[in-house]
Amino acid sequence: MDFEQLQAQCMNCTRCGLHEGRTNVVFGMGNPGAPVMFVGEGPGQHEDEQGLPFVGRSGKLLDLYLDVVDLDREKVYIANIVKCRPPENRDPLPEESDTCLYWLRQQYKLIQPKILVCLGRVAAQRLIDPKFSVTRQHGEFILKGGTWFMGTFHPAALLRNGGQKPTALADFLALRTKIEEVCPELYRGR
Ligand code: URA
Ligand code: SF4
């Protein structure tokens with residue numbers, strides 16, 4: 001199965017209860033050939049309406065951080081733990097995340113990223129460590145199965161608590177250093 005076929009299948013998914021309230025499946029966006037992948041939690045209202053990840057206020061902030069380290073949405077791939085919006089933006093239930101993880105795993109297998117950045121606790125606890133603490137472990141790179149995993153603050157958390165913005169910026173600068181180390185081709189041609 002190629003990436004487009006995978007996306008087409010996911011667009012019709014009714015594997016978990018979240019399909020009932022959705023306007024659009026938010027499969028992901030960016031370059032499926034990218035060596036760097038970002039994973040958030042799940043679509044909010046704007047993402048649900050537009051069918052694209054991180055297009056609301058959080059997304060604007062994410063774009064700013066990407067820009068600081070000379071990245072943009074065409075250079076990376078952006079997805080979420082769950083592809084359909086949880087009602088009232090609640091956290092996805094464990095069974096919803098478990099079910100939807102099927103799709104993220106297929107995306108991961110096809111993209112084969114060198115680096116995967118978890119945006120926020122929900123993604124980091126699912127993909128790095130069930131006990132992951134963003135406050136204590138943000139910015140640390142952990143090698144798993146040939147991919148460097150790192151967790152940092154969710155942009156929505158930074159919008160609530162601006163005091164963490166410099167710390168998040170430092171994590172993105174560490175990301176740039178890691179890119180230079182493991183996939184410098186991403187920056188060539190600039
Ligand atoms: N928050 C997320 O976790 N993902 C999005 O796509 C948008 C906001
Ligand atoms: Fe399917 Fe994921 Fe949407 Fe649930 S959240 S219906 S598993 S795409």
Side-chain angles (χ1 to χ4, degrees), residues 1 3-32 34 36-66 71-74 76-111 113 116-128 132 134 138 149-162 164-165 168 171-172 175:
M1 186 159 37
F3 207 79
E4 277 175 28
Q5 290 168 327
L6 181 72
Q7 177 155 3
Q9 277 192 11
C10 183
M11 293 322 234
N12 297 315
C13 179
T14 54
R15 285 176 178 236
C16 88
L18 290 182
H19 82 274
E20 285 166 25
R22 77 180 175 221
T23 311
N24 285 295
V25 174
V26 180
F27 183 68
M29 77 179 289
N31 175 4
V36 179
M37 194 169 169
F38 288 83
V39 178
E41 177 176 328
Q45 183 193 341
H46 298 286
E47 290 77 21
D48 176 60
E49 283 167 7
Q50 296 181 44
L52 295 168
F54 286 99
V55 289
R57 282 182 72 220
S58 295
K60 292 256 153 40
L61 188 57
L62 176 61
D63 283 334
L64 215 72
Y65 282 95
L66 290 175
L71 297 175
D72 58 42
R73 287 176 186 239
E74 275 74 58
V76 302
Y77 193 83
I78 303 177
N80 281 304
I81 294 285
V82 293
K83 314 299 194 204
C84 302
R85 182 194 183 192
E88 272 108 59
N89 299 334
R90 63 158 168 75
D91 281 6
L93 302 173
E95 61 263 35
E96 292 161 352
S97 301
D98 286 347
T99 306
C100 203
L101 225 44
Y102 165 79
W103 297 112
L104 187 65
R105 265 196 216 100
Q106 304 305 315
Q107 287 173 304
Y108 174 82
K109 279 189 202 158
L110 290 168
I111 295 172
L116 190 152
V117 179
C118 296
L119 297 169
R121 173 185 51 80
V122 169
Q125 291 191 342
R126 272 289 146 171
L127 304 182
I128 301 175
F132 191 94
V134 174
H138 68 89
F149 286 77
M150 185 264 270
T152 187
F153 300 88
H154 193 289
L158 298 172
L159 289 171
R160 285 192 302 268
N161 178 7
Q164 299 285 21
K165 283 182 182 175
D171 291 349
F172 273 78
L175 168 63

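Read the numbers this way: they start at 1 and go in the same order the structure lists the ligands and their atoms. Keep in mind that the numbers below use all heavy atoms, side chains included, and drop hydrogens, waters and symmetry copies.
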For this session: Name the option, out of Cys100, Gly42, Gly21, that contains the heavy atom nearest to atom 2 (Fe) of ligand 2.
Result: Cys100

Exercise. Is there any N or O on Phe54 that sits under 3.5 Å from an N or O of ligand 1?
Worked result: yes

For this session: Determine, for Tyr102 and Arg15, whether the Lys NZ or Arg CZ falls below 6.0 Å from the six-membered ring centre while staying within 45 degrees of the axis.
Result: yes

Exercise. Ala156: heavy atom below 4.0 Å from ligand 1, yes or no?
Worked result: no

Exercise. At a 4.0 Å threshold, what atoms of ligand 1 neighbour a non-hydrogen atom of Glu41?
Worked result: 2 (C), 3 (O)

Exercise. For Pro53 and ligand 1, does the shortest N/O to N/O distance drop below 3.5 Å?
Worked result: no

Exercise. Between Asp48 and Arg22, is there a side-chain N and carboxylate O pair less than 4.0 Å apart?
Worked result: no

Exercise. Do Phe149 and Phe132 pass the ring-ring contact (aromatic ring centres under 6.0 Å, His included) test, and can you show the C-alpha distance, the side-chain angles, and the key distance before you say yes or no?
Worked result: CA-CA 12 Å; Phe149 286 77; Phe132 191 94; over 10 Å; no

Exercise. Mind checking whether atom 4 (Fe) of ligand 2 has an N, O or S of His19 under 2.8 Å?
Worked result: no

Exercise. Which atoms of ligand 1 have any heavy atom of Gly42 under 4.0 Å away?
Worked result: 1 (N), 2 (C), 3 (O), 4 (N), 5 (C), 7 (C), 8 (C)

For this session: Could you tell me whether Phe172 and Phe153 have their ring centroids closer than 6.0 angstrom?
Result: no

For this session: State the atoms of ligand 1, each with its element, that fall below the 4.0 Å cut-off from a heavy-atom position in Gly40.
Result: 3 (O)

Problem set entry | Those atoms of ligand 2 less than 4.0 Å from some heavy atom in Cys13 | 1 (Fe), 6 (S), 7 (S), 8 (S)

Exercise. What atoms of ligand 2 come closer than 4.0 angstrom to any heavy atom of Arg22?
Worked result: 3 (Fe), 6 (S)

For this session: Going by heavy-atom distance to atom 5 (S) of ligand 2, choose the closest among Pro86, Cys84, Pro92.
Result: Cys84

Exercise. Considering only heavy atoms from C-beta outward, does the side chain of Thr152 approach that of Leu175 to under 4.5 Å?
Worked result: no

Problem set entry | Distance filter under 4.0 Å to Glu47 heavy atoms, resulting ligand 1 atoms | 5 (C), 6 (O), 7 (C), 8 (C)

For this session: Report, in ascending order of atom number, the atoms of ligand 2 lying under 4.0 Å from any heavy atom of Lys83.
Result: 5 (S), 8 (S)

For this session: For atom 3 (Fe) of ligand 2, decide whether Cys10 has an N, O or S atom at a distance under 2.8 Å.
Result: no

For this session: Provide the closest heavy-atom pair for Arg90 versus Leu18 in the form atom of the first, atom of the second, distance.
Result: NH2-CD2, 4.0 Å

Problem set entry | Distance-only N or O hit between ligand 1 and Asn80, under 3.5 Å | yes

Exercise. If you count the atoms of ligand 1 from 1 in the order shown, which ones are under 4.0 Å from a heavy atom of His154?
Worked result: 1 (N), 2 (C), 3 (O)

Seminar exercise, completed: Only one of Ile81, Asp91, Leu104 passes side-chain contact (heavy atoms from CB on, under 4.5 Å) with Ser97, and that residue is Ile81

For this session: Quickly, which of Leu66, Asp63, Leu61, Leu62 forms a side-chain contact (heavy atoms from CB on, under 4.5 Å) with Phe54? Name it, please.
Result: Leu62

